[in-house]
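A quick write-up on the structure given underneath.
Quick note: numbers below take in every heavy atom, side chains included, and nothing from hydrogens, waters or symmetry partners. Below, chains carry the letters A, B, ... as their sequence lines are ordered, and counting in each starts from 1.
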There are 2 protein chains.
Amino acid sequence: MTSKREDLVKAAKKLLWERGYEATSPRDIQDASGAGQGSFYHHFDGKLDLAATALEEVSAEMQEVATALLASDVPGLERVARFLGQKRNGRKGCRLGRFAGEASILEPKLRVPIKRYFECLANLLAAAIADAQRAGALHAAAEPRQIAEMLIAVLQGGFVLSRIHGDKEAINRATATTMALLRATGARA
Amino acid sequence: MTSKREDLVKAAKKLLWERGYEATSPRDIQDASGAGQGSFYHHFDGKLDLAATALEEVSAEMQEVATALLASDVPGLERVARFLGQKRNGRKGCRLGRFAGEASILEPKLRVPIKRYFECLANLLAAAIADAQRAGALHAAAEPRQIAEMLIAVLQGGFVLSRIHGDKEAINRATATTMALLRATGARA
DNA sequence: GTCTATAACGTGATAGAC
DNA sequence: GTCTATCACGTTATAGAC
């Protein structure tokens with residue numbers, strides 16, 4: 001048996017992904033969850049509070065997925081390839097990155113969980129890249145941390161391009177090209 | 001002497017950049033431009049029409065800038081470096097890419113001018129990259145068009161990261177790292 | 001804990017005077 | 001071409017019954 005609170009958070013996660021923060025109203029969330037106004041304002045201070053709760057959960061889920069893909073004992077370069085190579089539907093956008101364009105990203109309660117995921121991801125990627133460089137599988141032309149941030153930028157920009165062109169594969173082409181380039185730098189010291 | 005119509009478009013361009021489409025109201029634009037409701041609805045069908053007009057202008061301006069930077073007779077790799085190396089304030093976001101996250105990107109009147117800029121930019125970059133590969137300055141590990149789209153993704157993702165981290169330099173680090181990697185692939189056939 | 005009723009405000013648009 | 005007055009509707013939130 002799910003509580004109305006859970007229903008509200010679940011609906012918020014779905015609608016925030018589909019529409020973003022500003023375009024999602026408390027009414028929309030109530031309708032989608034089957035909960036009334038009373039439940040909404042009993043469990044949460046308001047729209048911002050519920051959205052923050054939802055984004056905290058999304059951030060935690062995505063950190064878990066990234067950790068599963070990137071923190072194994074597979075060689076570093078293959079961990080990166082495995083993460084980058086996940087097939088994504090670019091038209092849906094990133095569940096957290098999509099808020100970057102909204103004015104509400106300035107709101108700390110929304111920005112903090114989002115930021116936390118991206119820092120976690122950068123750490124995981126940087127570690128894998130450092131492994132690859134130590135193993136001689138990746139050219140050391142740049143710092144692991146800098147390469148990690150570049151890879152995250154390719155992913156986020158891939159979502160942007162997919163949405164602008166209405167082409168869900170644009171992001172997958174961008175990551176594939178990046179991986180090819182990374183491998184083409186070769187193993188030179 | 002500027003007409004109220006010009007004032008409205010100018011204000012719309014500014015506010016759309018700062019706040020996006022959904023968070024900008026006709027009232028905001030009227031206040032910022034010094035025009036009344038009457039002028040607004042005399043010159044434009046409504047908010048969507050004015051926003052489309054504003055984005056058409058922004059798209060044209062950005063195509064002009066990109067062409068100036070990328071369509072010279074400088075060697076291909078240096079044209080790419082010159083474009084990518086432009087110092088950007090990442091916190092402000094891309095004047096066109098920022099709309100990718102909004103639900104309103106599905107509206108053709110908004111999406112078309114945005115899409116047009118990104119296609120123009122991809123063509124310019126691909127041509128420069130093809131030049132570089134022909135000149136032996138860039139490894140031919142990937143198609144020019146694919147590399148071009150990857151570079152645009154780095155830029156757009158750089159804006160996303162800058163806004164999420166509140167760090168205007170994040171985008172400039174991402175482009176610098178990308179350029180370093182591109183150069184590190186070397187001139188091998 | 002959940003509901004319905006209501007309120008104060010803002011949004012996007014129209015009407016009609018000047 | 002520009003203005004002010006007005007409107008119908010939606011948003012976010014509160015009040016109070018059950």
Using a 4.0 Å heavy-atom cut-off to protein, can you give one letter per nucleotide of nucleotides 6-11 of chain D, 5' to 3': B if the base is in contact, S if only the sugar-phosphate is, - if neither? -----S
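- For CD of E18(B), the number of neighbouring non-hydrogen atoms (other residues, nucleotides, ligands) closer than 6.0 Å is greater than 12.
- Using modelled atom types and a 3.5 Å distance limit, the side chains of S25(A) and D28(A) yield a donor-acceptor pair.
- Using a 3.5 Å distance cut-off with no hydrogens or angles, the side chains of S59(B) and Q63(B) do pair a donor with an acceptor.
- In this structure, K47(A) fails the cation-pi test against F40(A), since its NZ or CZ atom is not both closer than 6.0 Å to the six-membered ring centre and inside 45 degrees of the ring normal.
- In terms of the side chain to side chain contact (heavy atoms under 4.5 Å, CB included) criterion, residue partners of D49(A) (sequence neighbours excluded) are, by chain and number, F44(A), D45(A), T53(A), K109(A).
- Between R111(A) and L106(A) the shortest heavy-atom distance is NH1-O, 3.4 Å.
- Once you apply a 4.0 Å limit to the heavy atoms of chain B, the touched nucleotides of DNA chain C run 5' to 3' over dT11(C) to dT14(C).
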Can you check side-chain contact (heavy atoms from CB on, under 4.5 Å) on T2(A) and K10(A), steps first, answer last? CA-CA 10 Å; T2(A) 63; K10(A) 189 175 173 185; over 6 Å; no
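- Comparing H43(B) and F40(A) against DNA chain D, the residue whose closest nucleotide sits nearer the 5' end is H43(B).
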Dump the intermediate steps for side-chain contact (heavy atoms from CB on, under 4.5 Å) on Y117(B) and L55(B), then the final yes or no. CA-CA 10 Å; Y117(B) 166 69; L55(B) 291 189; over 6 Å; no
